[in-house]
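These values consider heavy atoms only, across backbone and side chains, with no hydrogens, waters or symmetry-generated copies. Letters A, B, ... mirror the listed sequences (proteins, then strands); counts begin at 1.
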Amino acid sequence: MEKILTLILKSLPLIFAFGFLVPVFTQGIDAIGWVPPFGISSLVFAIIVAGIWGLIAQIRGSWI
Amino acid sequence: MNAHSNNIVRRDLSDLTPAQLMKLERQIARKHSGDFPWLMVIWPFANLVCWLALWPLVLTGTVPLWAGFLIATVNLSLVYLPTHDAQHDIIARPGQKLRWLNELIGHATSWMIIYPFNVLRVTHLDHHKHANDPKLDPDYTSHAPGPWSAIWRTLTERQPNGKRGGDYLEALERAGRKDLILMAIVYKLGFLAILFALAWSGFALEAFFLWWLPYHIAITYLTFFLSWAPHHPGTRQGRYHDTRSWKSAVGNIGSMGMQFHIVHHLHPYIPLDRTPAAYREMRPILKARGCDLGEM
């Protein structure tokens, strides 16, 4: 249990990126009516942006 | 007592001994404490009901999201102070009839800012005990050379590699309350689970603008006015030197009564709304003690 909890806490930036930022970006893009480039959907665009940001935050230990 | 206290304010206190000054200071503190703090009982529950009501009002389109965001930001900024009075047992002390109300105020509202009430209580009492101590004050990470750097620091301290969280855990360990560490984790993961569930159910923007962003704005605001400003520059320790009075550009309400934070550190059992009056009466004593009174 403790190992699982530690793993979750250590991976929080990535978990937060996919658990929260992806739907926030997707629904935000749809709400303002913006069309992502190269014909990709808002969901795929959000996964790419949030995923990269989350990965950077995971490695650096900071979102900013 | 009132007339006596007014005499204290007017007279020259330079001839009094530290013991005599302390006696007068305590008389004034007692005068401003002990009454039932109605404000601190109505405030948290009104604030909680208002914020909870926002969710159905925004989700049904009755209130626009932008307005909900503004109200939620005010709501979350108002969470801390009633819990703060409860942390100091101001509503009721252990053993008193209304003790349950004191604890209810803390537990029923602190979850909105993702803290278990007892974590706030233990770490805050540790802050009082060790204010401005670089190693032992759990709020030491709010220190910064100026207002903008203070705002930036509160943001950086909330990052995964921030030191503040670790300082809070150490304070809990020192207090022998390791059990609260698990509770704090449960609150944090519970918060994220609710955000994720809302977000993937199609309410990501509502979760973002009614809780996540207001929470971060509120924590920034609270850390600035309740921690950085009243302790700045935070280089001295000791009863009369680890905090100060100061003139806020946004007034006493805008700075949540923290202009008179020095009175709170000296006599933490005085309710928030009585600290300005207590300060005005204590001012000559504080001056005689060499306190930093700023322009107040």
Side-chain angles (χ1 to χ4, degrees), chain A, chain B residues 58-59 61 64-66 68-69 114 141 148-149 151-166 168-169 178-179 181-216 219-220:
Chain A
M1 181 67 179
E2 198 179 327
K3 279 183 180 176
I4 295 170
L5 211 53
T6 306
L7 184 67
I8 290 171
L9 292 174
K10 280 187 175 173
S11 312
L12 271 186
L14 274 175
I15 294 171
F16 183 78
F18 287 101
F20 192 55
L21 288 186
V22 167
V24 166
F25 288 173
T26 307
Q27 290 168 43
I29 289 167
D30 294 343
I32 61 172
W34 183 66
V35 180
F38 312 117
I40 58 174
S41 69
S42 53
L43 177 62
V44 172
F45 183 82
I47 289 172
I48 293 167
V49 173
I52 291 171
W53 195 10
L55 189 63
I56 292 170
Q58 182 71 49
I59 294 166
R60 288 184 63 236
S62 178
W63 291 91
I64 51 179
Chain B
V58 169
L59 292 176
L65 185 55
W66 66 266
F69 163 62
I114 338 297
T141 51
W148 293 109
S149 54
I151 292 169
W152 179 248
R153 185 147 195 206
T154 173
L155 296 173
T156 57
E157 284 299 333
R158 250 172 284 153
Q159 301 305 308
N161 62 1
K163 187 174 176 290
R164 192 178 184 86
Y168 270 48
L169 296 184
K178 276 187 174 179
D179 57 308
I181 295 174
L182 183 62
M183 186 65 79
I185 292 169
V186 168
Y187 270 52
K188 182 162 187 171
L189 294 182
F191 170 58
L192 292 177
I194 294 169
L195 288 183
F196 296 175
L198 283 166
W200 285 102
S201 304
F203 303 111
L205 296 181
E206 288 81 357
F208 183 84
F209 284 111
L210 293 184
W211 203 354
W212 190 87
L213 188 56
Y215 159 75
H216 280 286
I219 294 295
T220 305

Select one option (side chain, backbone, both, neither) describing which atoms of Ala193(B) are under 4.5 Å from chain A's heavy atoms. neither
What about the rings of Trp211(B) and Phe69(B), do their centers lie closer together than 6.0 Å? no
Is it the side chain or the backbone of Leu12(A) that comes within 4.5 Å of chain B heavy atoms, both, or neither? side chain
Please identify, among Phe208(B), Phe203(B), Trp212(B), Trp200(B), the residue contributing the most non-hydrogen atom pairs under 4.5 Å to chain A. Trp200(B)
Step through it carefully: locate the ring centre of Phe18(A), locate the ring centre of Phe196(B), and say whether they are under 6.0 Å apart. no
For Leu189(B), which atoms come within 4.5 Å of any heavy atom of chain A: side chain, backbone, both, or neither? side chain
Over all heavy atoms of both residues, which pair between Leu55(A) and Leu14(A) is shortest? Give the atoms and the distance, please. N-CD2, 3.8 Å
Residues Arg164(B) and Thr154(B): side-chain donor-acceptor under 3.5 angstrom: no
Does a side-chain heavy-atom distance below 4.5 Å link Asn161(B) with Thr156(B)? no
Side chains of Phe209(B) and Val58(B) in contact at under 4.5 Å (non-hydrogen atoms): no
Heavy-atom contact with chain B under 4.5 Å, split by part of Leu21(A): neither
If you count heavy-atom pairs under 4.5 Å with chain A, which of Gly202(B), Gly162(B), Ala207(B) comes out on top? Gly202(B)
Relative to chain A, which segment of Leu205(B) carries a heavy atom at a distance below 4.5 Å: side chain, backbone, both, or neither? both
